[in-house]
Number of protein chains: 2
Amino acid sequence: MARDLQERIKKLIIDQRLPSGSPLPTEPELMERLGVSRNSVREALKALQAMGIVEIRHGFGTYVGPMSMAPMIEGLTFRTVAGHYRGEDSLLQLLELREAVEAGLIARLAGSIPAADLADLDALVDRMDAEAAGPAGAVRAETDRAFHAALYRCLGNRLLSEVMEAFWDAFHKVRTDLVDVPQDPKVTCRQHREILDAVRSSDVLRAERAIREHFGNIRTRLNAPASTALPHPSYDR
Amino acid sequence: MARDLQERIKKLIIDQRLPSGSPLPTEPELMERLGVSRNSVREALKALQAMGIVEIRHGFGTYVGPMSMAPMIEGLTFRTVAGHYRGEDSLLQLLELREAVEAGLIARLAGSIPAADLADLDALVDRMDAEAAGPAGAVRAETDRAFHAALYRCLGNRLLSEVMEAFWDAFHKVRTDLVDVPQDPKVTCRQHREILDAVRSSDVLRAERAIREHFGNIRTRLNAPASTALPHPSYDR
DNA sequence: CTAGCTCAGTTGGTTAGAGCAGCTGACTCT
DNA sequence: AGAGTCAGCTGCTCTAACCAACTGAGCTAG
């Protein structure tokens with residue numbers, strides 16, 4: 001029945017064509033319309049919130065959610081962390097997934113990427129160089145993220161962008177929490193520039209090779225420290 | 001605080017290295033251990049259930065979930081349906097995502113796929129032929145699904161397989177519910193066989209081309225019927 | 001007249017207690 | 001010894017009350 005409740009609320013959203021951000025009926029209203037107690041309504045809403053379908057703002061109301069991939073990040077992160085602690089190579093599996101998506105996309109990019117995006121990417125690689133040479137001696141994670149996001153922006157596929165960012169986020173979270181990955185910022189910069197140059201020159205094969213090399217590099221570094229499995233590394237996410 | 005509760009339960013699972021299927025404390029036990037009311041415990045568990053992290057069995061107990069991608073399917077399906085009804089090309093975006101993943105994977109497959117898997121794939125394509133020539137005159141969806149699942153089985157990446165099946169499921173659900181896609185079973189069979197042959201002959205480029213052609217075919221059929229947007233096609237999922 | 005504060009009303013958040021419903025396992029009757 | 005039954009666990013739903021966050025109208029002070 002709880003299951004059914006969720007479906008009925010979803011149906012409400014779909015049937016009324018409610019866009020993201022639209023206000024949903026208040027809890028008492030839903031109680032009456034669905035003929036169940038407040039408790040059940042709340043449990044259904046909680047579940048829908050966990051799936052990103054609704055957004056609940058305390059003292060304000062309930063709204064149709066942004067339909068982002070945020071809940072997927074959380075689920076994926078948890079799954080990967082749990083798998084890692086149980087000795088599975090879940091982090092590597094996540095990396096392979098990222099590699100597959102990006103390698104499959106890069107072909108569509110080469111040659112059709114707008115000049116404006118290329119300029120943005122140039123700026124990002126320049127920033128990587130600066131960060132590598134700077135006091136930290138490492139490329140900031142945010143810069144790496146921005147590069148990969150900017151790369152596929154021109155495809156005009158919101159779902160694609162969000163899924164890739166979700167994968168990136170989950171990977172990043174788990175990596176920083178669980179394993180101490182050595183960085184060679186010079187190599188990182190070089191590989192990103194190679195990807196960019198390949199895309200710019202419309203060379204599909206070279207672009208795909210560059211992407212795979214980049215991920216191969218991450219993979220190598222991942223295996224290097226033998227997956228530091230701390231005895232009880234308090235999980236705090 | 002509800003947020004915090006979920007985190008504490010997740011931390012419980014992680015810290016104790018509980019594998020999928022392990023029993024979790026009962027609701028009264030969680031009440032006491034976490035110092036909150038039963039209602040709050042239940043809402044947290046509902047949210048975790050929606051993310052696939054726990055599994056609740058009425059009259060039996062609460063268990064660590066299978067960590068499958070099932071919740072993602074649901075979220076993705078809903079997102080796609082909602083987007084479609086609002087006039088977005090969300091179904092096409094989902095298809096592009098599938099294409100990207102499969103195109104990015106096929107290269108790793110060509111040449112390294114075991115003979116046993118090839119035999120399974122042969123059998124599946126044969127079944128497709130039989131179904132196409134049979135009374136229904138169309139390839140069963142389950143057969144198509146099985147083909148794509150079997151193709152990447154040998155990569156030994158559970159996450160990958162599940163994500164791809166999740167994408168397939170979401171796509172299939174939305175397509176069958178929303179748009180009336182014309183099928184040419186002969187073409188479907190031919191394209192699957194071409195993919196299989198390309199993989200068997202270790203021809204990376206040909207395999208990738210075959211995959212892209214297959215998805216291109218689906219894409220064409222998707223656009224053909226001008227996305228039948230019914231006025232109020234009662235949503236029942 | 002306006003800027004800021006205050007307070008009432010609305011909305012979601014939490015607690016408590018009671019009874020319902022599904023499953024298991026031991027006990028009993030045949 | 002086997003099948004039926006019942007007590008006990010488990011999660012599920014409901015009711016009712018109060019807490020906490022936010023909004024907006026109205027008031028007060030500048």
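What's counted below: heavy atoms across the whole structure, side chains too, no hydrogens, waters or symmetry copies. Sequence lines set the chain letters: A, B, ... in the order given, protein chains first and strands last, and positions in each chain run from 1.
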Q: Kindly state each residue pair satisfying salt bridge (Lys or Arg N to Asp or Glu O under 4.0 Å) with at least one member in residues 49-69 of chain B, sequence neighbours excluded.
A: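 Non-adjacent pairs meeting salt bridge (Lys or Arg N to Asp or Glu O under 4.0 Å): zero.
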
Q: Return each pair, listed once, that meets salt bridge (Lys or Arg N to Asp or Glu O under 4.0 Å) where at least one residue sits in residues 68-82 of chain B; pairs must be two or more places apart or across chains.
A: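 Those involving residues 68-82 of chain B are A/Arg3-B/Glu74, A/Lys10-B/Glu74, A/Glu162-B/Arg79.
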
**Item:** Opening and closing nucleotides of DNA chain D in contact with chain A, under 4.0 Å to non-hydrogen atoms
**Value:**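 In short, chain A contacts DNA chain D from D/dT13 to D/dT23.
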
Kindly compute the distance separating CD (A/Glu29) from CD (A/Glu27), expressed to the nearest 0.5 Å.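 Rounded to the nearest 0.5 Å, the CD-CD separation comes to 11.0 Å.
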
Taking [X] first and then [Y], would you say they form a salt bridge - that is, a charged N and a carboxylate O separated by under 4.0 Å?
X	Y	result
B/Asp4	B/Arg8	yes
B/Arg140	B/Glu142	no
A/Glu99	B/Arg108	no

* To do: Please determine, by modelled atom types, if A/Glu131 and A/Thr143 share a side-chain donor-acceptor pair under 3.5 angstrom.
  =>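 Yes, a side-chain donor-acceptor pair sits under 3.5 Å.
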
Nearest-Å distance for atom pair CD/C1', residues B/Glu27 and C/dA21: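 So the CD-C1' distance, B/Glu27 to C/dA21, works out to 13 Å.
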
Query raised in the report: Looking only at heavy atoms, what is the nearest atom pair of B/Pro185 and B/Ala132, with distance?
Result: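 Closest pair (atom of B/Pro185, atom of B/Ala132, distance): CB-CB, 3.5 Å.
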
- Task: Taking all non-hydrogen atoms of both residues into account, name the closest pair between B/Ile218 and B/Leu95 and its distance.
- Result: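 That would be CG2-CD1, 3.9 Å.
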
For residues A/Arg127 and A/Val139, determine if any side-chain heavy atom of one lies less than 4.5 Å from a side-chain heavy atom of the other.
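Contact flag for A/Arg127/A/Val139 side chains = no.
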
- Message: Taking the axis from the first five pairs and the axis from the last five, what angle separates them in the helix from C/dC1-D/dG30 to C/dT30-D/dA1, rounded to 10 degrees?
- Response: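 Computed from the C1' atoms at both ends, the axes differ by 10°.
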
Show each protein N/O and nucleotides 15-18 of chain C N/O combination with a separation under 3.5 Å, one pair to a line.
residue	atom	partner	partner atom	Å
C/dT15	OP2	B/Ser37	N	3.1
C/dT15	OP2	B/Ser37	OG	3.0
C/dT15	OP2	B/Ser40	OG	2.5
C/dT15	O4	B/Asn39	ND2	3.3

Do any of residues 50-64 of chain B sit with a heavy atom less than 4.0 Å from DNA chain D, and if so which?
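When residues 50-64 of chain B is checked for heavy atoms under 4.0 Å from DNA chain D, the hits, listed by number, are B/Ile56, B/Arg57, B/His58, B/Gly59, B/Phe60, B/Gly61, B/Thr62.
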
| request: Indicate the ring-plane relationship of A/His148 and A/His192, choosing parallel, tilted or perpendicular according to the 30° and 60° boundaries. | output: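 Ring orientation, 0 to 90° scale: perpendicular.
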
Worksheet entry | A/Val64 backbone acceptor or donor facing A/Ser20 side chain under 3.5 Å |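 It does not hold such a pair.
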
